[in-house]
Peer 1: 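Sharing a structure with you now.
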Amino acid sequence: MPLQRSALVAAGKSYRLKGISQRVRRINISAIKEMPLLASRLEGCLSLGQGIPSFPTPRHIVEAAFAAMTESPETGKYSLGPGLLELRKAVAFELSRKAGIPVDPQREICITVGAMEALAAAVLTVVDRGDEVILPTPNYASHIEQVLLAEGVPVFVPLLETDWQLDVKAFERAVTPRTKAIILCNPHNPTGANFRPEDLRRLVEIALRRDLFIISDETYDFLVYDGGMHFSLTSIPELRENLIATFSFSKKYAMTGWRVGYVFAAEGVLDQMMKIHDAVAICAPTVSQVAALAALSGPQECVWEIAAALRRRRDLTCRRLDGLRDHFCYVRPRGAYYLMARYTAPVDSMTYALRLLREARVITIPGAAFGPTGEGHIRLSFGGTEEEIDGAFDRMTRWLKTNPFPHS
Ligand SMILES: Cc1ncc(COP(=O)(O)O)c(C=O)c1O
């Protein structure tokens, strides 16, 4: 289950709850964000926690935003709700090139405040109170909170722990008359899995047979290793009416702070989502849209460089974990920049992560934040520099030598 706020930042404090909606009281700030918040109160922590890549936003993107801000007053104003038409056209072109399908920039694309807003709008658009939403476990914590926010019921289907791939039969068994949607993130945060196309196709068949929505979070579409390919659900034309696919500029172009992403959905569905987009955001930041356009239309070497650096960091993280094999086992990530490390100590993941933070000053995320089968793991991100990763593992190694869990 999601971590309780009281267990982390709010420990020891009592807050006013009278008058706060049940809807909000049911959800939590994800531990992914809370652990760095806790760490900010300690001196000199090293992070294997939140998924912020270390790279600066490429210069040509920053310069395009700066030029637009200085030369065009429109850049400081709202854009059209669904976003700058030029950016929607560029996004539609990119999507149709990759997916091999026509995409209408005017009717099927909306630029959003990161993929996160797109995901929240998607869930709020299709989930009514009591509707069941199937999620793999472990899974990205915010998907779970978004379902709870919509007053839906998360139904967890474990991934296969041998390789974190989809257990399609288990997904099929989880479908009930109350099931409304499946949320899937591929490449997968937090396990680093790159799901097999044949499994994704079988899952799509189930969704179509039962008329379910698939909310496909493709934030890490550019980031697969070892010669693998990312299989986008946008490339299945039959799924079009049932698909809401979300994308992000955050990781691909090192733009996490610019808050810009986009959603692709059939016209009728997108029209409904736009009501939420308008009510909560009006539009994505215009200057960030200009930057996103520069990112898409400019040189793409920066994307390859980011992907190559992250592959080296993946290899380093795996090497360092191999050196701690008495304490951890893990599945080598094939995409994104996370892995779930199963530890041997007989404590819950919150205790493990908090002690690691306080005693070794290393930030990790307790696996319990990612759904029921996340327990017993900590999630490690290798978005930081090689120095940071090495430094964090040096500290962990020293800490483990102090035998912090004597009964393990
Ligand atoms: C799986 C996944 N989806 C969505 C997001 C949010 O992306 P954005 O920064 O575009 O809102 C993240 C960020 O870490 C993520 O890991």
Side-chain angles (χ1 to χ4, degrees), residues 29-36 47-55 57 61 83 87 91 109-123 135-147 149 159 164 182-195 214-224 230 232-233 244-264 276-277 280-281 283-285 288-289 291-292 295-296 303 306 310 333-340 363-365 367 369-371 374 379-384:
I29 293 181
S30 95
I32 303 173
K33 323 286 186 325
E34 289 232 32
M35 289 300 285
S47 184
L48 297 173
Q50 201 177 353
I52 307 176
S54 64
F55 317 99
T57 306
I61 299 175
L87 177 58
V91 157
I109 297 289
C110 174
I111 311 298
T112 53
V113 183
M116 195 65 108
E117 189 231 333
L119 287 160
V123 172
L135 302 154
T137 169
N139 197 39
Y140 182 52
S142 297
H143 294 158
I144 306 169
E145 303 304 326
Q146 287 170 346
V147 172
L149 184 62
L159 294 173
W164 297 126
I182 298 172
I183 304 182
L184 211 59
C185 157
N186 187 42
H188 190 238
N189 178 3
T191 65
N194 181 22
F195 297 134
I214 296 190
I215 299 173
S216 180
D217 178 349
E218 308 197 7
T219 293
Y220 300 98
D221 61 348
F222 71 106
L223 202 52
V224 288
H230 168 248
S232 173
L233 293 188
I244 303 176
T246 67
F247 300 86
S248 174
F249 289 89
S250 288
K251 320 289 167 123
K252 190 169 180 179
Y253 296 101
M255 292 176 66
T256 52
W258 297 74
R259 310 307 304 127
V260 58
Y262 60 96
V263 58
F264 166 65
I276 295 169
H277 176 65
V280 304
C283 65
S288 302
Q289 296 188 53
L296 265 190
V303 180
I306 288 173
L310 288 169
R334 304 291 175 192
Y337 48 89
Y338 310 96
L339 63 81
M340 290 292 269
I363 310 172
T364 59
I365 310 297
F370 302 98
R379 191 198 71 172
L380 308 184
S381 154
F382 42 93

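Read the numbers this way: they start at 1 and go in the same order the structure lists the ligands and their atoms. Heavy atoms only: backbone and side chains are in, while hydrogens, waters and symmetry mates are out. No experiment lies behind these values; they were computed from the predicted model shown.
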Peer 1: Asp217 near ligand 1, heavy-atom distance under 4.0 Å?
Peer 2: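 A heavy atom of Asp217 does come that close to ligand 1.
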Peer 1: If the contact criterion is a heavy-atom separation under 4.0 Å, does Glu117 count as touching ligand 1?
Peer 2: no
Peer 1: Quick one: which ligand 1 atoms are inside 4.0 Å of a heavy atom on Lys251?
Peer 2: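 Answer, ordered by atom number: 13 (C), 14 (O).
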Peer 1: Would you say the side chain of Ile144 lies within less than 4.5 Å of the side chain of Leu135, judging by non-hydrogen atoms?
Peer 2: yes
Peer 1: So which bit of Ser250 gets within less than 4.0 Å of ligand 1, heavy atoms only: side chain, backbone, both or neither?
Peer 2: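 The part of Ser250 near ligand 1 is the side chain, not the backbone.
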Peer 1: So is Gly261 in contact with ligand 1, going by heavy-atom distances below 4.0 Å?
Peer 2: no
Peer 1: I'd like to check which ligand 1 atoms, numbered from 1 as shown, lie under 4.0 Å from a non-hydrogen atom of Cys185.
Peer 2: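 Per the distance check, 1 (C).
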Peer 1: Check Pro136, Cys185, Pro138 against Thr191 for a side-chain contact (heavy atoms from CB on, under 4.5 Å) and give me the one that passes.
Peer 2: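 Single pass found, and it is Pro138.
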Peer 1: About how many Å separate CE of Met116 and OG1 of Thr219, when rounded to the nearest 0.5 Å?
Peer 2: 8.5 Å
Peer 1: Measure the distance from atom 6 (C) of ligand 1 to every protein heavy atom, then report the residue, atom name and distance (to 0.1 Å) of the closest one.
Peer 2: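 So the nearest neighbour among protein heavy atoms is Tyr140 OH, 4.0 Å.
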Peer 1: Name the closest protein heavy atom to atom 16 (O) of ligand 1, giving the residue it belongs to and the distance to 0.1 Å.
Peer 2: Tyr220 OH, 2.6 Å
Peer 1: Would you say the rings of Tyr338 and Phe370 are close, in the sense that their centroids are separated by under 6.0 Å?
Peer 2: no
Peer 1: Closest approach of Ile306 and Phe222, non-hydrogen atoms and distance?
Peer 2: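 In this case the closest contact between Ile306 and Phe222 is CG2-CE1, 4.3 Å.
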Peer 1: Name all residues meeting the ring pair (Phe, Tyr, Trp, His ring centres under 6.0 Å) criterion together with Tyr140; count only those two or more places apart in sequence or in a different chain, and write none if there are none.
Peer 2: His143
Peer 1: Can you confirm, on distance only, whether ligand 1 has an N/O atom lying under 3.5 Å from any N/O atom belonging to Val113?
Peer 2: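 Checking ligand 1 against Val113, no N or O pair falls under 3.5 Å apart.
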Peer 1: Between Phe382 and Tyr337, how do the two ring planes meet: parallel, tilted or perpendicular, split at 30° and 60°?
Peer 2: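 Ring orientation, 0 to 90° scale: perpendicular.
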Peer 1: For ligand 1, which atoms sit closer than 4.0 Å to a heavy atom of Arg259?
Peer 2: 8 (P), 9 (O), 11 (O)
